[in-house]
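Input: a single structure, listed below in structure tokens.
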Amino acid sequence: MKSKTNNLNYKIIKLRSIDNGSNGMLSFFENNIDYNFEIKRFYYIYGASAGSERGFHAHKKLKQLLFCPHGKIEVTLMNENEKTIIILDEPNKGLIIEPCTWREIKWIQQNAVLCVAVSDFYDESDYIRDFEEYLEYLGGLSNENTG
Ligand code: TYD
């Protein structure tokens, strides 16, 4: 079922972590416990220079868990009504992005690493890469839900 997207649909979570003192920290997450989907794919982005930007798209159905195990990354989330900026700068800070949310991602720190665990295999047809098209897509969903 498609959902109406009047509010930005995201959640910031603190990933469960074990503190082993000078031996470091261990953070982890598990399907259907820390987020309400099953991970089918994991990807990560590294080697981006400070100030560089990626994203500029929304997904129709894909659910995602983002975290930054090293460095600092700024994630801007948007829909037709709202915009928010989330800073990922701690290895145990997770950001769950629900479908139909426009995202723009900026590298604040050189060589920051962005890890993304997602609910499905890669499928280009799940992407909306044009903001005008994204707004039209949301409009279509609203009509479906109200009509
Ligand atoms: P994209 O998701 O557009 O990344 P970003 O928004 O960070 O720039 O992906 C960039 C390219 O990599 C695009 O051509 C699709 C390809 N890609 C895959 O082949 N498999 C994947 O799992 C992902 C995430 C991307």
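One-based numbering, in listed order, for ligands and for the atoms of each. Start at 1 with the first residue, then count along the sequence. Atoms considered below: every heavy atom in the structure, side chains included; atoms not considered: hydrogens, waters and symmetry mates. Small disclaimer: the values here were computed from a predicted structure and weren't measured.
Salt bridge present: Glu124 and Arg129 bring a charged side-chain N and a carboxylate O closer than 4.0 Å. For Glu30 and Arg16, the salt-bridge test passes: some basic side-chain N is under 4.0 Å from an acidic carboxylate O. With respect to the salt-bridge test (charged N to carboxylate O, under 4.0 angstrom), the residues Lys60 and Asp126 do not qualify.
Listed by atom number, the atoms of ligand 1 under 4.0 Å from His57 heavy atoms are 2 (O), 6 (O). Which parts of ligand 1 touch Gly55 is read off a 4.0 Å heavy-atom cut-off, strictly below it: atoms 5 (P), 6 (O), 7 (O), 8 (O).
The nearest heavy-atom contact from the protein to atom 23 (C) of ligand 1 is Arg41 NH1, 3.7 Å. The protein heavy-atom contact nearest to atom 9 (O) of ligand 1 is Tyr127 OH, 4.2 Å. In terms of protein heavy-atom proximity, atom 7 (O) of ligand 1 is nearest to Arg54 NE, 2.8 Å.
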Inset, instruction - Evaluate the criterion ring pair (Phe, Tyr, Trp, His ring centres under 6.0 Å) for residue pair Tyr137 and Tyr134; output intermediate values, then yes/no. - result: CA-CA 5 Å; Tyr137 184 80; Tyr134 165 67; 7.8 Å; no

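In this structure, atom 3 (O) of ligand 1 has protein heavy atoms in its sub-4.0 angstrom surroundings. For atom 11 (C) of ligand 1, no protein heavy-atom neighbour is found at a distance under 4.0 Å.
Around atom 18 (C) of ligand 1, the closest heavy atom drawn from Tyr44, Tyr43, Tyr122 belongs to Tyr122.
With values rounded to the nearest 0.5 angstrom, Phe56 atom CZ is found 8.5 Å from Thr76 atom OG1.
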